[in-house]
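This report refers to the structure that appears directly beneath it.
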Amino acid sequence: MAYDHKHIEKKWQEKWKKDEPYRSTEDTDKKKAYVLDMFPYPSGEGLHVGHPRGYIATDIYSRMKRMQGYSVLHPMGWDAFGLPAENYALKNKVHPRVAVEKNISNFKQQLAHIGFDYDWSREINTTDPAYYKWTQWIFLKMLEHKLAFQSNEPINWCPSCKTGLANEDLDGPVCERCGTTVEKKSLPQWVLKITDYADRMLADLDSLNWPEHIKEAQRNWIGRSEGAEISFPIVGSEETVTVFTTRPDTLYGATYLVLAPEHRFLTDKNYGFTKSLINADDVRAYVAQAATKTEIERGAEGKEKTGVKLEGVRALNPATKEEIPIYVADYVLGGYGTGAIMAVPAHDERDYEFAKKFNIPVRNVVEPVLVQTTGSAAFRENEPVQDSNGIIAIVKHWGDEKYMGLYWSKAEWGTLLTGGIDEGMAPEETALKEIREETGYTDARIVESFGTIHSKYYHAPKELNRFGHAPTFYIELKSDAREEVSPEELAKHELHWLTKEELKSFLTATSHLQALAFLDSHVYTGSGLLANSGDFSGKDSEQAKWDITQAVGGKRVTRYKLRDWVFSRQRYWGEPIPVIHCPKDGVVPVPYEDLPVVLPEVESYEPTGTGESPLATIESWVNTKCPKCGEPAKRETNTMPQWAGSSWYYLRFMDPHDATQLVSTKNEKYWAPVDVYVGGDHAVRHLIYARFWHKFLYDIGVVSTQEPFARLEFLGFILAEDGRKMSKRYGNVINPDDVIAEYGADAFRIYEMFMGPFENTTNWSTASIAGTSRFVERLWNLHETVTDAPVPELEPLLHRTIQKIGADIESFKFNTAVSQAMIFLNKIEEVGNIGKEQWRSFICILAPLAPHSTEELWELSGETSSIHLAPWPSFDEKIIAASHSEIVVQVNGKRRGSITLPADAVEEAALAAAKALPTIMAMLDGNEPKRVIYVPGRIINLVV
RNA sequence: GCUGGGAUGGCGAAAUUGGUAGACGCACUAGCCUUAGGAGCUAGCGGGGCAACCCAUUGGAGGUUCGAGUCCUCUUCCCAGCACCA
């Protein structure tokens, strides 16, 4: 009889609902496994086939863990506060609460068809007052620990969503939700000091078993950089401009300062130094213009630098004691560092670009040091070194876009024009002289000087290491005027005219390649030897960094890109921020015993757009009494952002019904941390917020682990068959309900896992699901071939299959687990029957993947309890090893045949067997192999 | 530009971590079965050969090794994140 998926799947889904075999318990006799999905946002669109992929993975994983004897926590819940739900409700003219309830029940029904093992008794919903009581509780604790504070700093404001946003809610310069360009707006805001945790969040990333790209994204977002703050006095004033730089070693090359348009010296009229400003109007106009420009405009204009010089105001470079100009320019960001920089055009691309435009001097202070590591001139460590001075010149052809290359045939060595500097002769003079002597060209002009390139190499003729110091020039020939060259010079090298590209492969010395690089980019941003830097000249730039900082009274500081978390939203659908504003006592937290502050039911919850929350209009709710003095006071009307509830929900699953505490110590100790966390996207926001809250809860003793999620598995998306995202807009959405109705939940589950590696993004293919559907059918049909006695032929492969499927599920390689199952199934069909115990083992390891059909087959085999509570089968490595009897015979590393030998056969036996093969005999042609490499159980390789 | 990850048949992919490249599945081709098939079965599916076998081959170029998809150097292209962060 064919497999009737509709009937069988329904039968078991109902039975599991009734019997609750998946109830989680804090069973201290067992090891625990906490397996968690990123809980969904119940949108109105319902699920498409991409959504359940992660849920199927955790389902399979948790089912296996349960069978392996673990106490499993695999819960599900709903993240339902926030803008999407509210916007959906507004559009459809229903209350968000009603919309959310409806969407949740729709989601739950869809999930039920797939046959998940969730413990629904632990379901949570972030919009439930019993839940968000604890979200508010955490906020109050943060307030208590001064991690939550009020601020009036301008924040990102989305004019379409009518609310303030955190940096993390932006997609570049636009609101990630609606795509509207955000504005800057000053509003009283609640802010969380996430930056206090930046260092710990960065350091602890190393301890996490997470995909590298996600850790990297977090490192990027935290954006730690070490540098120095250095103060530049303003000439004729008491004021100083403090700049942040990661390159204090280049201080001697700082030839101007730049203030961001947002710098307080420019925006705050109280700063006296502006009195001496001659062109105040121009400056003010530039600042005003920059303020109206959105970040996208600032960035878009081809990054062409703009700015205005502060005429009449000068700063003192504390190292050189030179007076340098100050500019305002929008390439400096107000929000990072101190909002002011020292500009070093010689060693920073952006400063160089600006300096060229405004004709500001460029002073080289760091010179590259190269070590020749390849070729005959490779530097020899631990051998004596001799200093030498010479020049390097890039010489351009008088007519073509070609450059001079010299090939030294004796040394097999391609160079630019070089030459030693004679005592008392200027490098410039030397360069021109060398061109004349070595090549005869007389009509040469120095166009540019690149400073000195240092290089360590081995000088073969003298059998000595050299540390060369070479001033480097770019020289153009004005004509082909040429005098005679002495025959001995001519004999030494051949002259070639080469394009830049050709020169790149022609040159052998790394120092010459560096000279060539200067032609394209005039800016050297690396480290090296300091020059033109007073007492520090000649020192290593990296080592001198902090000495220079100290010498000018600067201080070493660490800066982050990460901004504090703007935590207020001027919208209705969120957790009310639990504070009261009292005219007398100021900000007063709502007493813990008064939590939760329940979101009031209202008729109109439209955002006002004025920067006030819609809650502000509900007088009866807003007006309250101060908990401290009892006088009339007003409630805070802002709500929390969408990410609040999801920042700690994984803790509530451990103990979802405790009305007296967030999570009991007993349960937290048992379940924490989350062993495997599965989801896509959210690489930065949710994970960084949750880690922040978790570390805070650790600090106040609520949780016992430093990190919430020990292991993270990243989920690849499923695209539509046409390669685009599944969306109503494109009409390419595949609904899992339809797929399941046609092929069954088991085939659907297996297909989603078989599509490709779990972290890969793949296109959905309805045609391909036929393969896994066939697999379930064929598996079903096999139960008629079960015999009493075990089939010996199947033993090795069965054990290998148990081993591989277990290991693959453990490491989230579901695609190869499925493939192994198919291989074994093919083998059973080939053999024709399977022993009863073998069959039971096989369906047991398939149970996590195909929970319905295997449960039915289990029952058919005479069992009365659930297969999902059966023990996971074990395997015997010896039986697996015994099957590896075929070993490959190679000649010179190429496969030429195979022989069958016991795995523990000695080399002599293997060699004899190999030699006996006709092909091998022919290839050896009576000779003995020169060498034999024998890897028992694998290969034997004969070298002839 | 920076950082991280990739590139293997017509397609999704696998490869015991340096040891038979292309497992498994899809699509395709031929045949069988069937009133019919978007069902099932058998065989084939890099190139050559009736065959045993031979040759080529993991984006490209070099290298290390008895042996390289895997390690090293250079290079091209693709994806993702960040991006005037000093």
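Chain identifiers are assigned alphabetically (A, B, ...) following the order of the sequence lines, protein sequences preceding nucleic acid strands; residue numbering begins at 1 within each chain. All values below were derived from every heavy atom in this structure, side-chain atoms included, with hydrogens, water molecules and symmetry-related copies excluded.
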Anti or syn - B/U17, cut at 90° from 0: syn

Give the nucleotide from the list B/G81, B/A14, B/G19 with an atom nearest to the side chain of A/T816. B/A14

Sugar-phosphate or base contact per nucleotide [nucleotides 24-32 of chain B; S, B, -; heavy atom under 4.0 Å]: BSS------

To the nearest angstrom, how far is A/W210 atom CH2 from B/A80 atom C1'? 17 Å

Most 5' of A/E742 and A/V943 on RNA chain B, judged by nearest nucleotide: A/E742

Look only at the side chain of A/D169 and the backbone of A/C175, and say whether a donor-acceptor pair between them is shorter than 3.5 Å. no

Once you round it to whole Å, what is the distance between C1' of B/A86 and OH of A/Y336? 7 Å

What integer number of Å spans the C1' atoms of B/C77 and B/C26? 27 Å

What integer distance in Å separates A/I718:CD1 from B/G12:C1'? 12 Å

N-O pairing of A/E226 and A/R224 below 4.0 Å: yes

To the side chain of A/E212, which of B/G19, B/G4, B/A86 is closest? B/G4

Write down the distance between CD (A/E830) and P (B/A23), rounded to a whole number of angstrom. 16 Å

Among the candidates B/A13, B/G38, B/U17, find the nucleotide nearest to the side-chain atoms of A/P757. B/A13

Rounded to the nearest Å, what distance is computed from the CZ atom of residue A/R931 to the P atom of nucleotide B/U65? 10 Å

Is it the case that the ring center of A/Y751 lies less than 6.0 angstrom away from the ring center of A/W764? yes

Say you pick atom P in B/C55 and the same atom in B/G49; how far apart are they, in whole Å? 16 Å

Considering only the C1' atoms, how many Å lie between B/A68 and B/U17, rounded to the nearest integer? 12 Å

So does A/N815 get a side-chain nitrogen or oxygen closer than 4.0 Å to the phosphate oxygens (OP1/OP2) of B/A14? yes

Testing B/U17, B/A13, B/G19 for proximity to the side chain of A/N760, the answer is B/A13

Check the chi torsion on B/G40 and let me know: syn if it falls within 90° of 0, anti if not. anti

From the list B/C84, B/G81, B/U20, which nucleotide is the closest neighbour of the side chain of A/Y331? B/C84

With respect to the phosphate group of B/C2, does any side-chain polar atom (N or O) of A/N220 fall under 4.0 Å of OP1 or OP2? no

Can you confirm if the aromatic rings of A/Y256 and A/F358 lie within a centre distance of less than 6.0 Å? no

Measuring from atom CE of A/M342 to atom OG1 of A/T242, what distance do you get when rounded to the nearest 0.5 angstrom? 13.0 Å

In terms of side-chain heavy atoms, does A/T801 have a donor or acceptor partner in A/Q820 at a distance below 3.5 Å? yes

Both A/T245 and A/E829 contact RNA chain B. Taking the nearest nucleotide for each, which residue is further toward the 5' end? A/E829

Please give, in whole Å, the distance from B/A83 C1' to A/K561 NZ? 7 Å

Using the P atom as the reference point in each nucleotide, state the distance between B/G44 and B/G22 in Å, no decimals. 15 Å

Determine whether the aromatic ring centres of A/F714 and A/H213 lie less than 6.0 Å apart. yes

Is a side-chain donor-acceptor pair under 3.5 Å present for A/N941 with A/Y934? no

Select base, sugar-phosphate, or nothing to describe what A/P211 touches, counting heavy atoms under 4.0 Å on all strands. nothing

Is the terminal nitrogen or CZ of A/R691 (NZ for Lys, CZ for Arg) located under 6.0 angstrom from the six-membered ring centre of A/W221 and within 45° of that ring's axis? no

Atom-to-atom span, OH of A/Y3 to P of B/G40 - whole angstrom: 17 Å

Taking the six-membered ring of A/Y331, is NZ or CZ of A/K305 closer than 6.0 Å to its centre and within 45° of its axis? yes

In terms of heavy-atom contacts, A/T785 and A/G832 come closest through CB-O, 3.5 Å

Pairwise P distance, B/A27 and B/U16 [rounded to whole Å]: 28 Å

Between B/C2 and B/C66, how far apart are the two C1' atoms, rounded to whole Å? 42 Å

Nearest-angstrom distance, P atom, B/U29 to B/G46: 16 Å

Would you indicate what A/E216 reaches in the nucleic acid, counting non-hydrogen atoms under 4.0 angstrom: base, sugar-phosphate, or nothing? sugar-phosphate

Check: B/C84 base within 3.5 Å donor-acceptor of A/K305 side chain: yes

Please report, rounded to the nearest Å, how far the P atom of B/A23 is from the CG atom of A/L825. 18 Å

Is the gap between the ring centers of A/F812 and A/F814 under 6.0 Å? yes

All stems that RNA chain B takes part in, i.e. 3 or more consecutive Watson-Crick or G-U pairs with distances under 3.5 Å, are B:1-7 with B:76-82, B:10-12 with B:24-26, B:28-32 with B:40-44, B:46-48 with B:53-55, B:59-63 with B:71-75

Using atom P in both nucleotides, what's the gap between B/A43 and B/G25 to the nearest angstrom? 13 Å

